[in-house]
Asker: 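Structure provided below as structure tokens; questions to follow.
One-based numbering, in listed order, for ligands and for the atoms of each. One is the number of the first residue; the rest follow in order along the sequence. Source: prediction; values computed, not measured.
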Amino acid sequence: MTQEQDRTVIYAARFLLPVSAPTIRDGAVLVRNGRISAVGTISDLEKDTPDAEVQRFRRHTIIPGAVNAHAHLGFRRGDAPEGGSFSKWLARLIERLPEKEAWTAEAAVDSAREAVEAGTTFMAESSPYGECLPQLAESGMAGTVYAEFFPRDIGDGEPEEAVDFIFQRVRELREGLPERVDCQVSVHSPYTVDPESSRLAARRTQELGWRLAVHVSESPEEVEFVRNGTGGLADIFGSNEWGGAGLSPVRYAESIELLAPGTIAAHLATEVLEEDIEVLARTGAAAAHCPRSNDFLDCGVSPVPRMMERGVRVGMGTDGLWSSPSLNLFEEALFAVNLHDFDGATGLKLATLGGARALGVGDETGSLEAGKWADLAVVESMPSGMDPEREVLEAAAGGGVVATVVGGRLIYNRAEG
Ligand SMILES: [Zn+2]
């Protein structure tokens, strides 16, 4: 434990929105050893702990830090392939993979910093073979890097060999990580990883009690590939011959055992029907909603309100900068609020506690409660209207985060005095 984490400190603001409890005016959290030990009014906490250092934000609101349930760090701002069609976008992305190697690490540093400066305290990142793990680990955020693997690139391309390789790689990557940074396996998608490798990897994660990230039902082209084995993705991945399963991507994912309570399924944007939602609810898989990416790639609208009604855990994800305008998760949540006509409280919860629950860390972060890690964002906002959560979300979406605290430690602070 670092010396800084060891301090007893009170973070106080004009308003405190714990998300799991009502708003507190002149609210504060008392932090000991990186965790929240009490939540209340500034005056009560100061009275009880007179020797605590106080960080006071007078014209601000404290909210839980953003939990990004699906992101990619390794894409650079400003030169995204053209959107509008998923398979055309993906084809251009693949063309540019060789040149991308030269700047991926730098892009990851920049993307992580952007996320931190937008109040993100926990991130689920997916990258090929976990290549962005060093940048997430150094960012100050807590989180998980999901290492994607592509069986055709590994040895003879035999499923057993590919799966052994990625599990060994993840074990090695886990060595020497900060306390709250983790590495797990990702089965990238139904069109890049063959069914046998997918099934083996999924089974192994479940046997080991590990977690799993997948992209599922992201695009019309994926639906066509899985159902009929034709279309834009079949053209790109001509040698991937397992398409044409005659199933929706969600049902196909279930049939190869990808869906389980430890699974975070990203996107679920195209043709996710009532029976697919039933599968998600029954298997306990969670969803990462990335509406701005889906909009950019013309992939449709994920039926998130219906999923939530059916008890599917949902969090928000920004995806990466080649399919999305920013790594600001609060901006993503505000987009979802407008898209689905949610109130501000629902949007704020999706951005924080919803994401934490979706990723299986709801007992550790996502709301301001005694016992959880002190993960919070300080927003320049003093809401006064009928929907205070929406006001704070709008401020955070618009660049109003002035400080970010992870495990009690200020990892970003541009507040005055
Ligand atoms: Zn993604």
Asker: Report the protein N/O/S neighbours of the Zn ion (ligand 1) that fall below 2.8 Å; do not count waters.
Answerer: His70 NE2, His72 NE2, His215 NE2, Asp319 OD1
Asker: For Phe342 and His340, take the angle between the two ring planes, folded into 0 to 90°, and tell me which bin it lands in: parallel under 30, tilted 30 to 60, perpendicular over 60.
Answerer: tilted
Asker: Once the angle between the rings of His188 and His215 is folded into 0 to 90°, is it parallel (under 30°), tilted (30 to 60°) or perpendicular (over 60°)?
Answerer: tilted
Asker: Is the NZ or CZ atom of Arg174 both under 6.0 Å from the centre of the six-membered ring of Trp210 and within 45° of that ring's axis?
Answerer: yes
Asker: Please list, chain by chain and in numerical order, all residues satisfying side-chain hydrogen bond (donor to acceptor under 3.5 Å, both in side chains) with Ser87, sequence neighbours excluded.
Answerer: Glu221
Asker: Tell me whether Arg204 is salt-bridged to Glu160, with the criterion being a basic N under 4.0 Å from an acidic carboxylate O.
Answerer: yes
Asker: Kindly check if the number of other-residue, nucleotide or ligand heavy atoms within 6.0 Å of CD (Glu278) is above 12?
Answerer: yes
